[in-house]
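We're numbering straight along the sequence, starting at 1. Note that these values count all heavy atoms, side chains included, but never hydrogens, waters or copies made by symmetry.
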Amino acid sequence: MIHQFIKRLVGLLFDLTILFSLPCALLIYWFYHSVLRDLPPVLELDHKVLPQTSFVWSRDGILMGEYFRENRYFASIQEIPAHVINAFVAAEDLNFFRHKGVDFVGILRALIVNLREGKIKQGGSTITQQVVKNLLLTREKSFVRKIQEAVLAYQIENFLTKEQILELYLNLVFLGNNSYGVKAAAKNYFRKNLSDLTLAEATLLAGLPQAPSKYSPLRNSRAAKARQRYVLDQMVKGGFLSAKEANQIFMKELKIYPANLENYYLAPYYLAEVRKELEEILPEIDIDTEGLTIETFLISDFQHSVEKTLKKHLTELDRSYGYRGPVKSSENVYYPVGIVEKIDRKMGLAFVGINGGTIQLNLKSQEEWFNFDIHEGKKRFKPILDSLKSGDLVEVDLKTNQLVQTPEIEGAAVVINPKGGEVLALQGGFSFKVTQFNRVTQSLRQAGSAFKPFVYLTALERFGYTPLSIVNDVPRTYRIGGQIWSPQNYDEEFEGPMTLTRALERSRNLPAVFVTASVGVSNVIKTARNLGIESKLPRNLTLGLGSGDVTLIELVRAYGAICSEGVLAKTRYVKRVKNSKGQVIYDSDKFLIDNLIQGSDPRAAYILCEMMKYVVKSGTATTLKDFPVAVSGKTGTTNDFVDAWFIASTPEITGGVWIGFDTRKSLGEKMTGGRLAAPLWKEFMGEIYQIINQNKVFGLFNGVQDFPTTTGVTAVYFNPINGRFSLSPVEGFYLGFVKNEDIEKIKPFNVENQENISKEDYLRNPNL
């Protein structure tokens with residue numbers, strides 16, 4: 001009987017084991033395949049997994065801007081004040097230092113509170129679980145994901161110290177106002193360093209992680225204060241504060257700021273080019289998340305001068321075209337916009353509502369600024385008061401309380417070190433705020449006479465021309481395709497025979513076309529290509545007059561090569577890049593030798609550089625003849641005065657200016673490169689040389705007065721009209737250089753030689 005009972009009991013136990021083992025096995029199988037199998041590893045979980053802001057610095061140590069996907073500045077746990085840590089621990093996980101990743105007591109307490117309130121009032125996630133949720137898992141809300149979160153939290157607690165977990169969390173947490181992590185929040189909300197945060201400020205921030213938008217002190221100050229009260233109560237509960245201290249802190253008034261969403265602080269056009277270059281040289285790195293330190297070649301004082309001068313000249317030029325009338329909206333304008341509320345024509349006053357108040361504009365003080373009107377087919381002036389009415393949207397300069405307008409006319413300027421290709425300053429338009437289109441690197445415009453140096457360099461380099469060669473400024477007709485073309489000079493006059501130097505100095509069109517025909521269009525294009533002109537160029541004789549569209553940076557780079565003995569340096573913006581550990585991962589100076597190309601014969605380039613000095617001394621850019629160092633350059637003006645250029649080199653720096661309308665309309669009669677662009681170049685480059693002379697650029701430049709003479713050339717003094725020359729200085733003669741082997745070729749024209757050279761001799765020998 002007993003034996004029978006035991007046998008049945010064993011059988012029953014066996015059946016029960018089988019009955020329960022199958023579900024257990026299935027549960028284990030499910031747990032492994034659904035929860036454990038796809039868990040991400042935690043072995044390399046540290047601050048490097050956090051997306052970090054990359055910083056861009058100028059050559060002289062000024063923070064230019066930041067690249068980021070999440071605005072985060074990493075702070076080590078040692079940098080974070082204790083009261084900031086305590087506030088967040090109290091608010092988010094009071095038992096943080098006691099649990100092992102999952103707070104079962106906290107979960108139970110949250111469940112009871114939520115059941116009592118009838119809604120989700122508290123969450124049970126620990127700080128460790130929040131790190132897991134944001135770094136290792138998706139934001140999917142499911143039972144499986146919650147189990148995975150708990151398992152990973154436990155693993156992390158066994159892998160990292162509590163301090164390391166806190167460091168991750170306090171750098172990870174999103175706090176609204178474009179702030180990821182406590183360091184960014186201190187900067188954005190309070191414009192403070194993290195170390196300077198008060199306890200009142202820390203407790204306000206500590207209330208934000210649960211719902212940054214709902215508790216935002218910028219949007220809902222009452223909810224933010226209520227949440228701060230909760231944090232303070234939790235700190236009292238945790239023993240961090242007394243109730244009296246908490247009340248005192250709660251009563252403190254705090255000044256809150258909205259985040260500055262502009263992450264480009266200096267030279268935004270330049271920063272856009274830096275990004276392009278980084279994507280080219282470091283394609284495998286995400287610059288928005290890697291916490292890079294990016295050093296550039298920009299010199300902030302140079303940039304300030306270029307930007308200020310360009311804005312000043314464009315504003316003055318735009319005013320000369322008159323007031324265009326009210327703006328249509330506040331978008332795409334540079335200045336603040338207000339609405340005209342009332343006009344007192346007798347007193348010459350306009351009352352403008354702006355920023356919640358009213359300001360008074362004295363328009364009588366702006367009577368020199370007229371609006372153009374057309375009457376009987378003629379342009380006449382109309383006072384501004386006659387152009388305004390109540391309800392008009394107008395731009396206002398709040399510093400001077402004056403009526404202003406964002407210039408419609410545009411411009412661009414850039415300064416480089418031609419010997420290394422470093423871009424020292426760049427301004428791609430009147431304002432990056434108005435338009436991000438970069439007219440230095442993106443705008444293709446006809447070069448006009450600024451292209452002529454490539455024609456003459458081709459002649460000097462490969463076709464036996466010298467600065468003394470005679471070309472004839474006379475009418476000529478050419479066939480282009482099926483059409484007849486008769487080019488004209490700017491002044492529609494003809495000056496007859498002259499030297500190549502004179503033709504360049506005075507920017508004569510007919511000699512330029514003649515030389516283009518003489519050397520061949522394809523050879524001129526080859527010269528331009530060798531000097532870094534990459535844009536598409538027309539394959540006909542109009543090329544000699546600059547009919548091809550090019551960018552300003554191409555011309556500046558090429559002119560720099562001409563005055564650097566023909567050595568072309570690739571444009572560079574980025575000097576060096578360090579990773580988040582401070583290790584150098586890119587140094588452009590290591591590749592400098594690969595960056596240099598011998599673009600032309602050094603002697604021909606030097607000869608042309610010397611020829612272009614006369615553009616400044618006595619040609620189309622005489623506004624620069626008193627510049628403190630030698631200047632070699634060329635003006636450029638296109639048909640109907642649509643584009644105005646000036647590109648020039650000093651012995652150490654090359655700079656270029658372009659002015660025009662984006663819509664390609666005329667700048668106005670006689671608005672030439674010499675009149676518009678050259679004075680602008682002179683002003684900012686003059687300031688740059690003052691900076692250089694004050695030794696503010698780390699000894700990079702020495703203020704060298706003239707271009708060093710290259711080898712293999714001989715100095716000659718020549719008559720710019722007829723080409724007669726002497727090896728000794730002669731009053732009224734130009735100084736030029738010829739290749740040593742060309743001395744014999746020009747020998748008959750030596751003034752010490754008694755031969756009588758007739759005009760017909762010159763015309764029969766155009767290449768002398």
Compare all side-chain heavy atoms of [X] with those of [Y] and state whether any distance is below 4.5 angstrom.
X	Y	answer
Val574	Ser588	no
Ile287	Leu282	no
Pro209	Leu175	yes
Leu700	Arg59	yes
Leu160	Leu168	yes
Leu266	His304	yes
Trp57	Leu63	yes
Ser580	Glu290	no

*Of the options Ile653, Asn702, Asp301, which is the one that meets Ile692 in a side-chain contact (heavy atoms from CB on, under 4.5 Å)?*
Ile653

Name all residues meeting the side-chain contact (heavy atoms from CB on, under 4.5 Å) criterion together with [X]; count only those two or more places apart in sequence or in a different chain, and write none if there are none.
X	answer
Glu534	Glu554, Arg557
Pro217	Tyr189, Leu204, Leu208, Ala224, Ile256
Lys570	Glu280, Asn595

*Any Lys/Arg nitrogen of Arg572 or Asp589 sitting under 4.0 Å from an Asp/Glu carboxylate oxygen of the other?*
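Looking at Asp589 together with Arg572, the answer is yes, because their closest N to O distance falls below 4.0 Å.
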
_Under 4.0 Å between a side-chain nitrogen and a carboxylate oxygen: does that hold for Lys276 and Glu279?_
no

*Taking the inter-plane angle between the rings of His99 and Phe96 on a 0 to 90° scale, is it parallel (under 30°), tilted (30 to 60°) or perpendicular (over 60°)?*
perpendicular

*Under 30°, 30 to 60°, or over 60°: which ring-plane class applies to Tyr180 and Phe174, parallel, tilted or perpendicular?*
tilted

So does [Y] get a backbone contact from the side chain of [X], meaning a donor-acceptor N/O pair under 3.5 Å?
X	Y	result
Gln436	Phe432	yes
Gln129	Thr126	yes
Asn178	Ala259	no
Asn693	Tyr689	yes
Glu277	Tyr573	yes
Tyr270	Val423	yes
Tyr169	Gly181	no
Gln52	Leu292	no

Nearest 0.5 angstrom please: [X] [atom1] to [Y] [atom2], how far?
X	Y	atom1	atom2	answer
Glu683	His313	CD	NE2	4.0 Å
Asn171	Leu166	CG	CG	10.5 Å
Phe74	Leu172	CZ	CG	11.5 Å
Leu170	Ile85	CG	CD1	6.5 Å
Leu424	Ile688	CG	CD1	7.5 Å
Asp549	Gln446	CG	CD	5.5 Å

Please report the shortest heavy-atom distance between [X] and [Y], naming the atom on each side.
X	Y	answer
Gln427	Lys311	NE2-CE, 4.5 Å
Gly655	Trp681	O-NE1, 3.0 Å
Thr309	Ser305	OG1-O, 2.7 Å
Ser213	Arg219	OG-NH1, 3.0 Å
Leu194	Ala186	CA-CB, 3.9 Å
Leu310	Ala413	CD2-N, 4.4 Å

*asked:* Applying disulfide (SG to SG under 2.5 Å) as the test, list every pair that has at least one member in residues 556-596; sequence neighbours left out.
replied: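 Passing the test, one end in residues 556-596: Cys563-Cys609.
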
Answer with yes or no whether the side chains of [Y] and [X] bring together a donor and an acceptor at under 3.5 Å.
X	Y	result
Asn71	Tyr73	yes
Gln442	Asn438	no
Ser600	Asn530	no

_Less than 6.0 angstrom separating the ring centers of Phe302 and Phe297, yes or no?_
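No, they do not, as the ring centres are separated by 6.0 Å or more.
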
Taking side chain to side chain donor-acceptor pair (under 3.5 Å) as the definition, give me every residue that meets it alongside [X], ordered by chain and number, with sequence neighbours left out.
X	result
Thr654	Ser649
Arg72	Glu70
Thr53	none
Ser179	Asn188

*Show your working on side-chain hydrogen bond (donor to acceptor under 3.5 Å, both in side chains) between Thr128 and Glu157 and close with a plain yes or no.*
CA-CA 8 Å; Thr128 312; Glu157 289 275 351; 2.6 Å; yes

Sequence neighbours excluded - salt bridge (Lys or Arg N to Asp or Glu O under 4.0 Å) pairs with any residue from [range]:
range	result
residues 173-193	Glu79-Lys183, Lys192-Glu201
residues 431-442	Glu410-Arg439, Arg439-Asp662
residues 291-300	Glu295-Arg576, Glu295-Lys578

More than 12 non-hydrogen atoms from neighbouring residues, nucleotides or ligands closer than 6.0 Å to [atom1] on [X], yes or no?
X	atom1	value
Arg664	CZ	yes
Lys308	NZ	yes
Lys214	NZ	no

*Under the side chain to side chain contact (heavy atoms under 4.5 Å, CB included) criterion, do Trp658 and Leu555 qualify, and how do the steps go?*
CA-CA 11 Å; Trp658 167 84; Leu555 287 180; over 6 Å; no

*Which residue pairs satisfy the side-chain hydrogen bond (donor to acceptor under 3.5 Å, both in side chains) criterion with at least one member in residues 254-268, sequence neighbours excluded?*
Glu66-Tyr265

